[in-house]
Amino acid sequence: MLTGLPEGDRHARRAVASSALAPFVQYRPERVPVDEGLRRGQALHDLLAQRRSVRFFSSDPVPAEAIDLAVRTANTAPSGAHQQPWTFVAVRGPETRHRIRLAAEAEERAFYGRDDLPEWHGALARLETGADKEYLGVVPWIVVVFAQKYSTDPTGRRRKHYYVNESVGIACGMFISSLHAMGLATLPHTPNPMGFLNDILGRPGSERPYILFPVGYPAADCEVPDLARKPLEQALVHHP
C-alpha cells in the first residue's frame with residue numbers, strides 16, 4: 001500500500017513498478033465544515049434509524065430504475081483489491097419467483113424441523129418467523145446477491161478474489177440503505193443451503209448465493225417486532 005508514504009517516495013515507487021500499478025487520479029473531495037458534517041451525519045442516522053426488516057409486503061409495482069439505482073449504489077462499496085466480487089440478480093418474473101419460494105420454503109421446513117438447534121430456534125421465536133415465506137410470492141422483485149469466489153480472464157485462467165465475504169457484506173449494506181432511502185423495504189433472507197439459487201438462476205459454480213432480498217413497498221397493514229437497537233455505549237468503546 002502506498003498510503004501515508006512521503007510524496008517523493010510514492011512517486012519513486014510508482015516509477016519502479018509502473019507496469020503493475022493502476023493509474024492514479026487526484027482525489028479532492030469537498031472539505032465539509034464540522035457543523036455541516038455533523039448535520040449531514042445526523043440526517044443520515046435519522047433516516048436509517050427508521051429502517052426495519054419487513055415480512056409483509058405490498059404487491060404494488062416497483063420500477064426497474066429503483067433496483068438499478070440501488071445496485072449502482074452498492075457498486076460504490078469498497079472491496080478487497082477492488083475486485084468487486086459480487087453479482088446482483090434481479091428477478092421480476094412471477095414463475096421464477098414462485099420457484100424460488102418453493103425451494104426456499106423446502107429448506108426452511110428442514111431447518112425448523114431440526115431438533116438439534118434449540119437455541120437458534122429460540123432466538124428466532126420472538127420474531128415469529130417460520131417456514132412459510134409467503135412474501136416471496138407477493139413482492140414485485142427478488143434480488144439475489146451472489147459472492148464471486150473467483151473470476152476468469154479471457155483465456156479462462158482463474159483469478160482468486162480476496163476478502164469476498166467482507167466485500168459483499170459491505171455492498172449488501174449499501175444496497176439495503178439505498179432501498180430504504182427510496183421508501184422501499186427488504187429483508188435479508190438466507191435459507192441454508194442456498195445452492196438451489198444457482199440452479200434456478202443459472203449462475204456458475206464460481207458464484208455462491210450470499211443473500212436473497214425480497215424488495216417492495218411495505219404492506220398497508222405491515223407490522224414489525226417492537227425492538228430496540230443496541231445503545232451507543234454498548235456498541236462503541238473510546239480507547240485512550
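Numbering starts at 1 and runs along the sequence shown.
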- Side chains of Ser206 and Ser151 in contact at under 4.5 Å (non-hydrogen atoms): no
- Message: Can you list everything that forms a salt bridge (charged side-chain N to carboxylate O under 4.0 Å, His left out) with Arg157? Sequence neighbours excluded, please.
- Response: none
- Query: Any link between Leu187 and Val145 through a network of hydrophobic side chains (Ile, Leu, Val, Met, Phe, Trp, Tyr) touching at under 4.5 Å?
  - Reply: no
- Single-linkage hydrophobic cluster, 4.5 Å side-chain cutoff, Tyr135 and Val215 together: no
- Note on the structure: On a heavy-atom basis, the closest approach of Val168 and Pro85 is CG2-O, 3.3 Å
- Query: What's the shortest heavy-atom distance between Val62 and Gly216, and which atoms?
  - Reply: CG2-CA, 4.0 Å
- Mind jotting down which residue pairs meet the ring-ring contact (aromatic ring centres under 6.0 Å, His included) criterion with at least one end in residues 137-162? Sequence neighbours excluded, please. none
- Under a single-linkage definition using a 4.5 Å side-chain heavy-atom cutoff for Ile, Leu, Val, Met, Phe, Trp and Tyr, are Val143 and Val54 assigned to the same hydrophobic cluster? no
- Query: Between Val138 and Phe56, does a side chain to side chain contact (heavy atoms under 4.5 Å, CB included) hold up when you go through it step by step?
  - Reply: CA-CA 9 Å; Val138 175; Phe56 301 96; over 6 Å; no
- Message: So does Pro214 get a backbone contact from the side chain of Thr186, meaning a donor-acceptor N/O pair under 3.5 Å?
- Response: yes
- Message: Please give me the minimum heavy-atom distance between Gln83 and Lys160, naming the atom from each residue.
- Response: NE2-O, 3.1 Å
- Would you say Asn198's side chain and Pro204's backbone share a donor-acceptor pair under 3.5 angstrom? yes
- Query: By side chain to side chain contact (heavy atoms under 4.5 Å, CB included), which residues pair with Arg28, not counting sequence neighbours?
  - Reply: Gln26
- Query: Looking only at heavy atoms, which two atoms of Arg109 and Ala131 are closest? And how far apart?
  - Reply: CG-CB, 3.6 Å
- Ile100 CD1 to Leu201 CG distance, which is reported to the nearest 0.5 Å: 4.5 Å
- Is atom OH of Tyr163 surrounded by more than 12 heavy atoms (other residues, nucleotides or ligands) closer than 6.0 Å? no
- Rounding to 0.5 Å, atoms CZ (Arg51) and CG (Leu179) come to a distance of 10.5 Å
- Query: If you round to the nearest 0.5 Å, how far is CZ of Arg97 from CZ of Arg101?
  - Reply: 10.5 Å
- Do you know which two heavy atoms are closest between Ser79 and Trp86, and how far apart they sit? CB-CZ3, 3.9 Å
- Note on the structure: Heavy-atom nearest pair, Ala103 first then Ile200, reads CB-CD1, 4.2 Å
- Message: Closer than 3.5 angstrom, by distance alone: can the side chain of Ser178 be matched with the main-chain N or O of Met174 as a donor-acceptor pair?
- Response: no
- Message: Test: salt bridge (charged side-chain N to carboxylate O under 4.0 Å, His left out). Region: residues 195-205. Which pairs qualify, not counting sequence neighbours?
- Response: Arg203-Glu207
- Spacing of CG belonging to Leu184 relative to CD1 belonging to Ile67, to within rounding of 0.5 Å: 7.0 Å
- With side chains defined as the heavy atoms from C-beta onward, is the minimum distance between Asn192 and Phe111 less than 4.5 Å? no
- Message: Salt bridge check, Glu95 against Arg99: does any charged N sit closer than 4.0 Å to a carboxylate O?
- Response: no
- Verify the neighbour count for atom CD of Glu166: are there more than 12 heavy atoms of other residues, nucleotides or ligands below 6.0 Å? yes
- Task: Please confirm whether the backbone N or O of Pro225 pairs with a side-chain atom of Arg52, one donor and one acceptor, at under 3.5 Å?
- Result: yes
- Query: To the nearest 0.5 Å, how far apart are CG in Leu197 and CD1 in Ile211?
  - Reply: 12.0 Å
- Decide yes or no for Ser177 and Thr73: does some side-chain heavy atom of the first lie under 4.5 Å from some side-chain heavy atom of the second? no
- Distance, nearest 0.5 Å, that separates CZ of Arg114 from NE2 of His121: 7.5 Å
- Task: Verify whether one side chain among Asp46 and Gln50 offers a donor that lies under 3.5 Å from an acceptor in the other.
- Result: no
- Item | Within-4.5 Å side-chain heavy-atom neighbours: Glu105 and Asp132 | yes
- Check salt bridge (charged side-chain N to carboxylate O under 4.0 Å, His left out) between Glu107 and all other residues, then give those that pass, not counting sequence neighbours. none
- For residues 172-230, the ring-ring contact (aromatic ring centres under 6.0 Å, His included) pairs (sequence neighbours left out) are Phe88-Phe175, Phe175-Phe213
- Query: Could you walk me through whether Lys149 and Val164 pass the side chain to side chain contact (heavy atoms under 4.5 Å, CB included) check?
  - Reply: CA-CA 7 Å; Lys149 296 177 285 187; Val164 173; 5.9 Å; no
- Item | Gln234 CD: over 12 foreign heavy atoms closer than 6.0 Å | yes
